Amino acid sequence: MADKKIKEYVNILRQADIFYDLTEPQLEMVATLCSEIEPKNGEIIFEENSSGDELYVVASGAVDILVSPALIQPTSTGQPTGPLAIATVRRGQTFGEVALVDQGLRSAAARCVAKKTHLLIIPSKRLIKLCDTYPELGYCLMRNIAADLAFKIRGTDLAIREQLLWRPRLR
């Protein structure tokens with residue numbers, strides 16, 4: 001990979017919440033793992049319940065994280081509804097980290113929702129190998145991912161509580 005591209009990726013990674021406190025050499029090692037995509041507005045990046053083995057970093061643009069409402073509650077009209085956006089991730093944020101942590105199926109879908117969206121993709125197997133090879137980098141990164149996931153879980157918990165407290169009660 002060309003030095004210019006590595007520097008570009010390092011600058012993007014440096015802005016991401018989960019990489020903010022890595023050293024320059026550590027960021028360069030992660031940057032060598034990266035590839036990039038520029039999805040079109042409206043394009044599905046991955047589907048809910050699909051297998052996943054990549055972590056995504058938003059360099060620019062925006063991505064909606066979507067869940068199927070049928071998994072949450074059946075519609076009262078019996079009409080199928082489209083996916084529900086539960087979060088929008090923007091520059092410096094990541095998504096796909098749950099699959100990185102547990103190698104399970106995707107818990108949500110991701111759809112590009114802005115023109116000129118630019119994403120870095122980091123293959124989880126290569127990132128885990130890098131973390132195993134450099135335990136200090138691995139500790140920092142996993143601590144940051146845990147903190148990021150905790151923040152997201154707290155936000156989801158608050159949204160669920162809000163829905164439970166404020167939705168109309170059936171009699």
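What you are looking at is a predicted structure, and each value in this text was computed from that prediction instead of being measured.
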J.: Using the side chain to side chain contact (heavy atoms under 4.5 Å, CB included) definition, which of the options V113, I45, T88 pairs with V63?
T.: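 Among the candidates, only I45 passes.
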
J.: Before accepting this row, confirm whether a basic side-chain N of the pair K152/D148 lies closer than 4.0 Å to the acidic partner's carboxylate O.
T.: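 Yes.
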
J.: Would you say that more than 12 heavy atoms from the other residues, nucleotides or ligands in this model lie under 6.0 Å from the CZ of R91, or not?
T.: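 No, CZ of R91 has 12 or fewer neighbouring heavy atoms, counting only those of other groups under 6.0 Å.
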
J.: Would you please classify the geometry between the Y56 ring and the F46 ring as parallel, tilted or perpendicular, with 30° and 60° separating the classes?
T.: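 Geometry flag for Y56 against F46: tilted rings.
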
J.: Answer yes or no: is there a side-chain heavy-atom contact under 4.5 Å between I18 and L55?
T.: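 In contact.
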
J.: Name the atoms and distances for all side-chain donor-acceptor pairs under 3.5 Å in residues 37-44, with sequence neighbours left out.
T.:
| from | atom 1 | to | atom 2 | distance (Å) |
| --- | --- | --- | --- | --- |
| N41 | OD1 | A114 | N | 3.3 |
| E43 | OE1 | K40 | N | 2.9 |

J.: So, the side chain of Q93 versus the backbone of R90: is there a donor-acceptor pair under 3.5 Å, distance only?
T.: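 Yes, Q93 side chain to R90 backbone: donor-acceptor pair under 3.5 Å.
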
J.: With hydrophobic residues grouped by side-chain heavy-atom distances under 4.5 Å, do L66 and V58 end up in a single group?
T.: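 Cluster IDs for L66 and V58 differ.
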
J.: Checking L137 against C131 for the side-chain contact (heavy atoms from CB on, under 4.5 Å) test, could you report, in this order, the C-alpha distance in whole Å, the side-chain angles of both residues, the deciding distance, and whether it holds?
T.: CA-CA 6 Å; L137 180 154; C131 290; 4.0 Å; yes

J.: Please say which of N11, I6, I12, V10 ends up in a side chain to side chain contact (heavy atoms under 4.5 Å, CB included) with L27.
T.: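 Exactly one pass, corresponding to V10.
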
J.: Counting only N and O atoms by type, is there a donor-acceptor contact under 3.5 Å from the side chain of E48 to the main-chain atoms of S68?
T.: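 Side chain of E48 to backbone of S68, a donor-acceptor pair under 3.5 Å: yes, one is there.
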
J.: What residue pairs, at least two apart or across chains, pass side-chain hydrogen bond (donor to acceptor under 3.5 Å, both in side chains) with a residue in residues 134-145?
T.: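 Every pair satisfying side-chain hydrogen bond (donor to acceptor under 3.5 Å, both in side chains) with a residue in residues 134-145: D21-R143, D21-N144.
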
